[in-house]
Each structure stands twice: as C-alpha cells, then as structure tokens.
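Chain letters run A, B, ... following the sequence lines, proteins first, then strands; residues in each count from 1.
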Amino acid sequence: MIDTYLIPLVKILFVLNATLIGVTYMVLLERKVIAWVQVRLGPMRVGPYGILQPIADAVKLILKEDITPTRADKWVFTAAPIIVMVPALITFAVIPFGPVVNLFGRQVPLYITDVNVGLLYIVSVASIGVYGIILGGWASNSKFPLLASLRASAQLISYEVAVTMTLVSMIMTAGTLSMVKIVESQYDQHLWFIFVQPVAFVLFFIGGLAETNRAPFDMAEAEQELTGGFHTEYSGMRFALFFLAEYANMIVVSSVATTLFLGGWLAPFPNVGWLSFLGYVPSWMWFLLKTFAFLYVFLWVRATLPRYRYDQLMRLGWKVLIPIAIANVVVTGIVKVLF
Amino acid sequence: MAQSIAFYVLSTFILGFAVLVVTTRNTVHAVLFLVLNFLAVAALYVLLTAQFLAVIQVLVYAGGIVVLYLFVVMLVNLKRPPEDHMAPQRHNWIGFGLSALVLVELGAIIGYGAVAPAGPVGAQTSDLALNNVERVGMLLYTDYLIPFEVASMLLLVAMVGAIILAKREL
Amino acid sequence: MITPTHYMMLSTALFAIGVIGVITRRNIIVIFMSIELMLNAVNINLIAFSYQLQDGIGQVFAIFVIAVAAAEAAVGLGIILAFYRNKETINIDEMNVMRW
Amino acid sequence: MKPAPPSGPTDPAPPAGMAVPAFVSAIEAAIPGSVTQVSYYVGDWAVIVPADKLLEVARFLRDSRETAFDFCSDVTASDWPPRPQRFDVVYCLYSTKHHHRIRLKVRAADGEAVPSVSGIWPAANWLEREVYDLFGVNITGHPDRRRILMPEDWQGFPQRKDYPLEGPGELLMENPLDWLRLKQAREESEIE
Amino acid sequence: MTTHTGQMFDTEELVINMGPQHPSTHGVLRVVLRLDGEKVVSSDVVIGYLHRGIEKLSENRNWTQIILLTDRMDYVAAATNNVGYCQTVEKLMQIEVPRRARYIRTAICELQRIASHCLWLGTHAMDIGAMTVFLYAFRERELILDLFEEYCGARLTYNSMRIGGLPLDIPVGWDRKVLEFCTIMSEKVDEYEELLTHNRIWLERTRGIGVITAEQAIAIGLSGPPLRGSGVPRDIRKDEPYAAYDEMKFDVPVGTSGDTYDRYLVRLEEFRQSIRIIRQAIQGLPEGPIVGKVPRLIKPPAGETYHAIESPKGEIGYFIVSDGKSTNPYRFRVRPPSFCNLQALPQLIKGHLVADVVALIGSIDVVLGEVDR
C-alpha cells in the first residue's frame with residue numbers, strides 16, 4: 001500500500017511543489033541574471049537581495065482584477081492558460097531526477113514513473129501546449145493576440161518536427177524510449193551523449209528555444225511588435241499562468257536536455273574508475289546543476305541576442321534545422337549499422 | 001474492478017465529448033471537444049496496454065491533426081454560420097434511419113455477447129504490454145514493411161497535395 | 001469484467017455519433033471531425049481485439065489508420081481552404097461546383 | 001496698448017550694387033512674368049511668385065541645372081489678416097548639389113487656390129497638409145488633403161491670426177448652433 | 001472555367017492599428033496598417049496626438065521666453081533646438097556671437113547629439129529585441145545628462161542658450177569631465193558595435209530592410225542620418241557651417257545601400273565624429289566673453305528669415321517673421337526633422353512585415369514631441 005500509493009503521491013506532491021517554486025524563482029533568477037548582464041541590480045526591495053520578490057509578484061497577480069474582455073469567448077479564454085500550464089507540469093512525471101536510492105531503509109526511485117514510451121510521452125504532451133496559445137490568442141477576440149497566436153502555433157508546429165527528428169537520432173543512439181534507460185545507457189557507454197551527438201544537441205537547443213518561445217525566437221509575445229502577443233488581453237492570475245507556463249516549459253526543456261545529452265543524474269564521464277570521487281556529489285545534485293546551467297544559457301541568450309523575424313525563423317526551421325536533423329538521423333543510422 | 005471503473009468513466013467521456021463535437025454550434029468549441037475526446041481515447045488505449053498507440057494518438061491526432069483543424073477554423077472567418085443556410089434538399093431522416101440501423105447492430109452485439117461470451121483477456125504483464133514499442137515496431141518493420149512504405153508514400157503525396165491546394169500561386 | 005463486447009459497443013456508439021454528425025451537419029469542418037470520430041471508433045475496436053488476442057497486428061493497423069487520417073486531414077482541409085477562398089462559405093450544400 | 005497689426009511682411013529689395021545670384025535671375029529669364037518681386041534680407045534670397053505660375057517656377061527650379069533645387073526643406077505660411085491676399089505661402093528650397101537656398105513666396109486670399117507642389121517635391125505632401133490644416137489655405141491638386149495635426153472634425157484653422165485664443169471665441173466653438181453654422185460655412189467654402 | 005491572373009484567391013485584409021499606445025511607436029505615433037497575412041499592403045500614419053500648438057504659443061511669448069518652448073519639441077535633443085532658435089534670432093538681429101560661446105555651443109550640440117543617438121540606439125535595439133544595448137546606451141546617456149546638469153542645472157529641458165550667447169560660462173572642471181566622458185564613450189561605442197554590428201540576427205533584421213535610394217530620399221525630404229544612410233553626403237554642419245563647425249575637423253559618414261543597417265552604421269560613426277568634435281572644441285576652447293552685444297530689449301527689426309541647423313534627427317529649421325513692432329515674433333515656424341522624416345515611413349514599410357515596421361520606425365528616429373509640436 002505504501003509502495004503503490006503513498007510514495008508516488010508524496011513524490012508527485014513534492015515534484016509539483018518543487019516545480020512551482022522553481023518556476024517562480026526562475027522568474028526572479030531571470031530578472032537577476034539579466035540585470036547583472038546589464039550592469040544593474042535587479043529586484044532588491046522585497047527581502048534581502050529581492051529573494052522574496054516572487055512571493056510579492058504572486059500576491060500581486062492573485063489580487064489583481066481578472067479581466068475578461070466583453071467580446072471574448074469566455075470559456076475558451078478561461079481554459080487557455082490552464083491548457084498551457086497543465087502539459088508543462090505533467091511532463092515532470094517521467095523525468096528522472098536520480099537513480100533508485102535508499103531512503104529511510106526503503107528503495108525509492110527518484111522519479112515519479114518510468115514508462116517505456118517516456119520520451120514520446122514528453123513530445124506528445126508538449127504538443128498539447130500549443131492549444132493554449134492558439135486558443136488564448138483566438139479567444140481574446142483582438143487583432144494583435146490573433147496574429148501572435150498564429151505566429152506561435154506555426155512556430156511551434158514547425159519546430160516540433162525538428163526537435164522530434166533530433167530525438168529520433170537520440171533514440172537510435174540510446175536504443176530505448178525510456179528516460180531512465182537513456183541515462184543508464186550513457187552510464188554504460190561512459191560518455192554523455194553530448195559527445196556522441198553534438199549536432200543533435202545544438203539542434204535540440206535551438207529547437208528548445210523556439211518551442212518555449214524564448215528569445216531570440218520570442219516573436220509570439222514580442223511586446224515591441226505585438227504588444228505582448230497572445231496574452232495581451234490577459235491579466236491577473238490567468239496572465240500569471242501563461243507566464244509561469246513559459247518558465248515551466250523552460251525547465252522541462254532543460255531537464256530533457258540534461259537527461260538526453262548531459263547524462264541526467266550522472267557525473268561527468270560516469271563509470272570511469274579514477275573519476276569515482278565525483279560520486280560523492282549526490283546524483284540529484286548533478287541533475288540540478290546541469291539543468292541550472294542549461295537554464296542559465298537560456299537567460300544569457302535572452303540578454304544578448306536581438307529577435308529574429310517571423311519569416312526568418314520559419315526559414316531557419318524548415319530549411320536549415322529540419323534538413324540537418326534528418327541528415328543527422330541518416331548518419332546516425334549508417335554509423336549504427338557499420339559499427 | 002479498477003479497470004471497469006476506468007472503462008466506464010472513459011467511455012462516458014468519449015461518448016459525451018463526441019456528442020458535443022457533433023452538436024456544438026461553435027466550431028472552435030467543437031474542435032476543443034474533439035481534442036478532449038481524443039485524449040480520452042488515448043487514455044483508453046493505455047487501459048488496453050497499448051502505450052505506444054496512446055502516445056501516437058496524442059502526438060499525431062491531438063497535437064497534429066486537430067491543430068490543423070483549429071487553424072482552418074481560424075482562417076475561415078465566417079460572416080454567417082453555415083447552419084443558417086436554407087437547404088431544402090437535405091434529408092435528415094437518412095441520418096436517423098442509419099443510426100437506427102446502428103442501434104440494431106448494437107443490439108446484435110449485445111445479444112451475441114450474451115450468447116457467446118468472449119474468452120479471458122490476456123494478462124497485463126504479457127510481453128505485448130511490457131515491450132509494446134518493440135513489438136509494434138518489429139511487426140511494422142518486418143511483416144508490414146510494404147504497407148508501412150505505402151503509408152509513407154501516401155503521406156508524402158498528401159503533403160504535396162495540401163501544399164499545392166493551399167498555396168496561392170505556384 | 002470488461003469484455004470485447006463492451007469495447008465493441010463503445011465503438012459502435014462512437015461510430016454512430018460520427019455518422020449522425022456527417023449526415024446532419026452542414027459545416028464541412030464539423031463533418032470532417034465526425035469522420036475522425038468514426039476512424040477513432042475503428043481504432044478502438046482494433047486495439048481492443050489486439051488486447052484480447054495479445055497480438056500486435058491490431059496496433060499496427062491502428063497506426064495505418066492514423067496515417068490515413070493525417071493524410072485525409074491535410075488534403076481535405078487544403079480543399080476546404082481553397083474552396084473557402086473562392087466561395088466564402090464552408091457549407092456543404094453550396095459545394096456544388098462540379099454538379100451541372 | 002497693443003500696436004496695430006501689420007499689413008504685410010517687409011520684403012526688402014536687395015541693396016543697390018548687390019549682385020543677384022544666377023539661381024534667382026534665371027527664373028525671370030526662363031519664365032517671363034513669373035517673378036513679382038525679388039527680396040534679400042540677412043543673407044536669404046526670396047522670390048515672390050504669382051500662384052498661377054507656381055508650378056512652372058517650381059518645376060524649373062528643380063530641373064534646371066544651375067538652380068537644381070531638389071530638396072524642399074519647408075512649406076509654411078504666414079497670415080496677414082488686413083491684406084486682401086492674406087496668406088503668404090512660403091516654400092523653402094535647398095539644393096543638395098550647389099548648397100544654396102531660396103524661398104519662394106506665393107500670396108493667396110482666403111479660399112484662393114494654391115496649386116500643390118507635392119507632385120514636384122513629394123516632401124511637400126505633409127507640409128502642405130499642415131498648411132491646409134493650420135491656416136486653411138486652399139491647396140489644390142493635393143493627393144491626400146486631410147487634416148494632419150488637428151482632429152479630423154476640428155472647426156476653424158488655429159494658426160490664423162483671427163483664431164480666438166481664449167475667452168468668448170472658444171465658447172463660440174462649443175456652442176452647437178455656431179458649430180453648425182461654421183460647419184455649413186466651411187462646406188460652402190470648400191472649393192476644389 | 002475562369003482564368004485567374006496573378007493571385008488565385010483573395011483573402012481578407014487585416015487592418016490593425018499600431019498605436020497611439022504601442023510600445024515601439026516611440027510615443028504617440030499611430031500607424032494604421034493594412035496587412036495581408038503579416039505583410040504590409042499599405043499604411044497610413046496618423047499624428048497630432050501630442051500637438052500642443054508650440055508655433056501658436058510662440059507668437060504670444062516674447063523672444064526670450066520662446067527658448068524654453070523649443071526645449072519641448074525634440075525633448076531628447078533640447079539644447080540643439082535652443083541653439084537653432086537662438087541662431088535664427090541672432091541672424092535676424094545681426095548679432096555677432098563671441099568665439100568662446102560658439103565653441104561651447106558646438107560642444108553642447110555634439111554632446112546632445114551623442115545623448116540623442118544613445119536614446120535612439122537603445123530604443124532601436126530594443127525594438128529589434130536586443131534589450132541589453134538599451135540599458136548600456138542609457139547608462140552612457142546618463143553621463144551626458146550629468147554633464148548637462150552640472151552645466152545648466154537641468155537634465156532634460158535645458159533652456160541652456162540665450163540670444164547672443166550663453167547664459168552661463170562652463171563650471172570649473174567641466175571641460176576636464178567632458179574629456180573624460182569622451183574617453184569612456186569611445187570605448188562604449190566599440191562595445192555597442194561588438195554587440196550588434198556583426199551579430200547575424202541583427203544583420204538579418206536590418207540589412208535590405210526599408211531601402212531608400214538617394215534620389216527618393218532627397219525627393220521625400222529626408223534629412224540627417226536617414227539621408228546620409230542613403231549615400232547623400234549632406235550635413236549642414238559641413239555645407240552651411242554655423243557655431244564653430246567651420247573650425248572643426250570631422251568627417252561626414254555616409255552609407256551606401258540606404259537600408260536600416262546603413263542608417264545604423266551612419267549613426268554609430270556619428271558617435272565617433274561627435275567625440276572628435278567635442279575633443280577639439282573643449283581642447284581649443286578660447287578665452288573671452290560668452291555673450292555678444294545684445295540690446296536690453298530683444299526686438300528684431302521687421303523682416304523674416306529661415307535658418308537651419310543639423311539636429312541629431314536632421315535639418316531643424318526655424319522660419320521666423322518679425323514685424324519690428326511688438327516684442328513677440330509675428331510668425332514662428334519650425335521645420336521639424338522628425339516630421340519630414342516620418343513622411344517617408346509609408347514608403348519604407350510597404351511590402352515589409354509587421355516586425356520590420358517597428359525596426360523602421362526606430363531607424364528613422366522620430367520624437368513625437370517634435371513631429372506634433
């Protein structure tokens with residue numbers, strides 16, 4: 001009973017809360033990192049060094065009036081932020097934060113579940129998130145959000161193809177769809193897959209930026225062009241959901257990248273004898289460190305690069321990334337067959 | 001027991017959302033209900049230990065095809081809803097007649113099920129459930145390789161056709 | 001105990017709803033969606049029998065059905081879009097250009 | 001006591017013995033009867049041109065090699081109410097080739113047609129709209145003659161000297177009956 | 001079967017209203033865009049939301065009071081407006097300005113140009129999505145504002161000129177601070193260039209966007225950096241020198257292709273040229289009075305004149321008519337460079353995408369206070 005219901009429940013609650021807190025602090029981290037890049041301090045008022053800022057933000061957003069435009073489609077308008085948020089959260093079900101560890105005398109795996117279609121599950125759940133953006137823009141019954149949601153959905157759909165293609169080459173390398181087994185396969189090969197599949201890593205990173213609508217591909221919410229994009233008409237808690245979902249998606253992409261390319265919970269060059277001292281750092285710590293490094297790159301890119309134009313982005317996706325991804329799959333296959 | 005509850009709940013969802021798809025006047029809402037319907041069907045596939053199919057259902061159907069529908073609904077900006085048009089030549093009674101036929105079939109199934117109950121269902125821990133992806137993949141790439149290639153050709157042709165249809169000038 | 005009969009009933013009912021949708025609605029997009037419902041009903045049957053017989057072939061066929069559905073959606077929606085641009089309607093009753 | 005409003009600008013003639021530059025003298029030479037007066041003041045050359053000759057002179061100034069006034073710096077106007085031809089429409093021209101400047105000046109009465117030079121210098125488009133908007137000079141042949149700075153439905157032309165700045169004049173604008181009368185008058189005076 | 005020519009089908013055009021409240025229209029500019037997809041089919045620029053009637057107000061102020069009205073036009077380059085106005089009145093009254101005053105005016109004009117270009121660079125880069133450049137550029141602008149504050153006590157609307165010269169001499173040590181600033185600024189310009197000039201995304205976003213040829217640019221009345229970006233070497237500082245520009249050594253940067261990128265390059269080079277001019281003006285600052293012989297009551301003789309100087313945005317011209325009787329100008333007219341440059345916007349954005357519209361509004365650098373006056 002404890003093993004089947006209680007432990008998973010505790011894990012789910014823990015991951016859910018950790019994710020939500022992580023997401024809110026992600027916002028603070030972004031503001032801080034970008035502030036440091038731009039030689040300023042960022043939030044400093046609420047708490048020491050502004051560490052209570054997310055709480056203040058949350059309180060403010062909850063207390064704000066939640067406006068629904070009169071001409072909006074009320075049901076869809078309300079549902080859209082939820083549709084965006086839920087897939088971002090349920091993806092964490094299959095992400096392994098660590099191996100099976102001994103906790104209070106009980107063998108507990110540091111992941112919620114391990115399904116044999118784990119990677120496909122993540123991709124398919126992520127594809128549901130598009131609805132929130134399309135519908136949010138459509139239901140607002142306003143022109144800028146509509147343009148933005150068309151942009152966003154075209155962008156997401158085209159980048160999904162490239163990302164999925166890179167994942168195919170990763171599946172071929174690892175020989176499994178299960179997230180845990182992918183990490184274990186890296187353990188067996190003594191190597192993070194980033195060294196095996198560097199091209200796929202770059203493609204996944206670019207595709208991940210585009211899929212999460214992050215700079216330099218953030219034209220769906222480019223406030224300079226479309227006044228905030230698909231969430232122009234949103235306010236209060238519903239806006240906060242959109243906002244948090246974006247950061248949750250960033251964490252998802254970072255965790256997936258960590259698992260696939262950076263060896264998940266593994267130390268660098270795992271399973272090598274003389275490097276075993278790296279094992280003193282707990283496995284989940286490695287995972288968090290790598291995810292954090294990945295997230296930092298996201299923020300760094302946002303602070304540095306200008307924004308692509310919509311048609312250039314589409315051209316990049318269809319004419320550059322997808323062909324390279326397909327070529328990568330072919331090359332991986334040939335190498336697999338030959339060696 | 002748990003399986004029965006899950007089946008009935010999911011069936012209710014599937015049929016309920018299907019009815020809503022067919023009856024809703026607002027096309028965008030209909031698309032949304034279709035997505036929910038597909039998600040419920042995917043859950044049913046998980047119940048039937050076809051995880052790969054469930055994921056494919058979500059990925060291709062809910063995440064791909066229905067997005068296309070949504071796009072078209074948004075692009076086709078209707079000034080008057082199609083249902084307002086007068087159409088004297090439509091024969092709704094055909095629909096009801098056909099559905100009556102289906103009801104008869106339903107009765108036949110029930111009757112047959114009562115007369116000759118189906119045999120026991122395979123265990124959930126069978127090979128097909130555990131190594132679902134491998135099994136399906138093996139079948140697909142060995143016995144059904146030619147249909148698989150034909151299907152890929154079909155998709156290619158559909159892609160070319162769709163581009164040509166949707167493009168304004170070539 | 002859930003037997004294949006249950007799944008068949010579910011699938012028949014779903015199929016029937018799809019048929020009713022195709023016949024009664026005039027909005028061609030809804031008609032297309034009803035066809036998708038019908039294809040899903042077929043898939044449910046295939047998977048249910050695959051489960052019953054512990055044979056993967058049913059799932060393979062379901063994959064083919066999904067592929068066909070994808071092709072159908074792409075071409076069908078392309079046609080709808082082209083038609084709409086010409087005629088500004090998606091009413092099935094007005095789609096009679098080939099009928100003189 | 002406020003001094004009486006002047007009846008017109010001083011357009012002093014060039015001082016005796018001052019050489020008239022070629023780009024000024026060429027106008028009269030090329031189009032006889034087109035220069036009413038040549039004036040020179042603190043280093044600026046100005047030429048007064050009758051309205052019916054404006055387009056001809058403008059085209060000559062732009063196209064002729066020695067003048068080559070290809071850049072229309074400014075189009076503006078000034079209002080001298082007591083005078084019958086109360087408006088001076090001023091065109092400030094510049095040559096990017098020779099780096100010299102000239103001012104063309106056209107006198108026009110209220111409602112009198114002043115041809116648009118936006119066909120010659122596209123730059124004059126908005127500037128002429130502004131002159132129309134703020135002075136009510138009847139610019140004809142303009143491709144897009146709308147108000148530009150003031151709201152579309154504004155009554156009156158604020159840069160005119162007789163436009164009320166404060167007091168009853170402004171109230172007059174708020175009185176609906178007067179507003180209607182003004183609107184009617186404006187529609188009648190709309191000569192295209 | 002009917003034959004379709006050109007487009008096979010027609011889709012509805014989407015009319016969207018960009019502004020007057022929009023993050024990247026730099027104030028209250030309103031652009032009505034007719035879109036086909038995201039491509040601009042045609043556009044209409046609607047202005048006047050900030051119209052305060054400065055021309056009319058000036059006709060009821062005396063000559064000195066107008067100086068502070070000119071601050072409110074191009075409020076990011078207020079000192080240049082002051083200089084232009086004072087010089088026009090000086091021209092009308094035939095007042096000789098002392099050499100020291102002219103040098104300080106030159107230095108202040110160029111500082112103002114750097115400040116204005118900093119603001120332009122920041123907002124332009126922000127429009128294209130490079131948010132860090134915005135804060136970097138504002139950081140340097142802040143230094144200039146500090147210098148201005150030390151000089152005249154104000155940070156934005158300086159009122160820093162008087163007819164016939166300057167109200168104040170420079171504070172002690174100010175010249176040294178300006179030179180220090182020049183050293184800092186020349187490094188920072190390289191920093192901006194590092195971030196943007198060879199950035200692939202920046203190049204893709206700006207190259208070939210809003211191309212305007214030299215002939216078109218002259219015809220539509222562009223002036224300042226947009227005109228020079230099209231390859232016309234027209235700079236009033238060189239062609240019709242005022243203040244002390246005839247004694248300064250500087251180059252006029254010109255572009256070649258007339259696109260957004262060239263306009264960007266021209267302005268970045270102007271940073272460097274301005275630093276060069278400031279150095280010369282401060283190092284060669286002559287001693288002497290700062291005000292010329294000005295009568296107690298400023299009342300120019302009857303007459304009219306047009307005088308233009310090179311503001312950071314382009315040619316700012318003043319057409320002033322004095323009736324010689326009252327202490328107010330009879331007619332006060334400003335030729336606002338932003339107004340004339342903005343006129344080219346519909347021509348520039350036609351056929352481009354919505355994302356380019358904001359880039360192009362940024363690249364012609366409008367200040368709505370000046371457009372609407």
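- If you measure heavy-atom distances from D:Lys105 to chain E, the contacts under 4.5 Å come from the side chain alone.
- Looking at residues two or more places apart in sequence or on another chain, you find no salt bridge (Lys or Arg N to Asp or Glu O under 4.0 Å) involving D:Arg62.
- Taking a 6.0 Å sphere around CD of D:Glu66, one finds it holds more than 12 heavy atoms contributed by other residues, nucleotides or ligands.
- Only the side chain of D:Leu134 comes within contact range of chain E, with at least one heavy atom under 4.5 Å from a heavy atom of that chain.
- Interface summary for chain E: among D:Ala124, D:Pro151, D:Cys92, the most heavy-atom pairs under 4.5 angstrom belong to D:Cys92.
- Look at E:Asp239 and D:Arg101 and you find no salt bridge, because none of the NZ, NE, NH1 or NH2 atoms lies under 4.0 Å from a carboxylate O.
- The part of D:Val90 that comes within reach of chain E is its side chain, from C-beta onward, which places non-hydrogen atoms under 4.5 angstrom from that chain.
- Residues E:Glu315 and D:Ser73 are in side-chain contact: their nearest non-hydrogen atoms beyond the backbone lie under 4.5 Å apart.
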Test log, rule side-chain contact (heavy atoms from CB on, under 4.5 Å), inputs D:Glu130 and E:Arg333 | CA-CA 12 Å; D:Glu130 192 184 330; E:Arg333 151 79 186 170; 3.0 Å; yes
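- Side-chain atoms of E:Tyr330 come within 3.5 Å of backbone N or O of D:Asp79 as a donor-acceptor pair.
- With a threshold of 4.5 angstrom between heavy atoms, D:Arg147 does not approach chain E through any atom at all.
- At a 4.5 Å heavy-atom cutoff, the contact between E:Gln94 and chain D is made by side-chain atoms alone.
- Taking non-hydrogen atoms and a 4.5 Å limit, the residue list of residues 48-55 of chain E in contact with chain D, ordered by number, reads E:Gly48, E:His51, E:Glu55.
- Of all heavy-atom pairs between E:Glu59 and D:Gln159, the closest is OE2-OE1, 3.4 Å.
- Using a 4.5 Å cut-off between heavy atoms, E:Asn341 makes no contact with chain D at all.
- One finds the SG atom of D:Cys72 at 13.0 Å from the CD1 atom of E:Ile218 (value rounded to the nearest 0.5 Å).
- Taking the six-membered ring where tryptophan is involved, the planes of E:Phe339 and D:Trp126 are perpendicular, since the angle between them exceeds 60° and thus also 30°.
- Under the 3.5 Å distance criterion, with hydrogens and angles disregarded, a donor-acceptor pair is assigned to the side chains of D:Thr76 and E:Arg331.
- Both tests hold for E:Arg234 against D:Phe71: distance to the six-membered ring centre under 6.0 Å, angle to the ring axis within 45°.
- D:Pro122 and E:Ala219 get closest at one heavy-atom pair: CD-O, 3.3 Å.
- Using a 4.5 Å cut-off between heavy atoms, E:Pro337 does not touch chain D at all.
- Looking only at heavy-atom pairs under 4.5 Å with chain D, the residue among E:Leu227, E:Ile236, E:Leu342 that has the most is E:Leu342.
- E:Ser223 contributes atom OG, which lies 11.0 Å from atom OH of D:Tyr94 (distance to the nearest 0.5 angstrom).
- Below 4.5 Å, heavy atoms of chain D meet heavy atoms from E:Val371, E:Asp372, E:Arg373, all part of residues 365-373 of chain E.
- How far CD1 of E:Ile220 is from OG of D:Ser118: 10.0 Å, rounded to the nearest 0.5 Å.
- Per-residue heavy-atom pair counts under 4.5 Å with chain E were compared for D:Leu127, D:Asp133, D:Asp144, and the maximum is reached by D:Leu127.
- Within a 6.0 Å radius of NZ in D:Lys97, no more than 12 heavy atoms belonging to other residues, nucleotides or ligands are found.
- Heavy-atom distances place the side chain of D:Thr96, and not its backbone, under 4.5 Å from chain E.
- Side-chain contact between E:Tyr306 and D:Leu93: absent, with no pair of heavy atoms (C-beta onward) separated by less than 4.5 Å.
- By a heavy-atom distance cut of under 4.5 Å, D:Tyr41, D:Val42, D:Asp44 are the residues of residues 37-58 of chain D near chain E, going up by number.
- Atom CD1 of residue E:Ile47 and atom CD1 of residue D:Ile148 lie 4.0 Å apart, to the nearest 0.5 angstrom.
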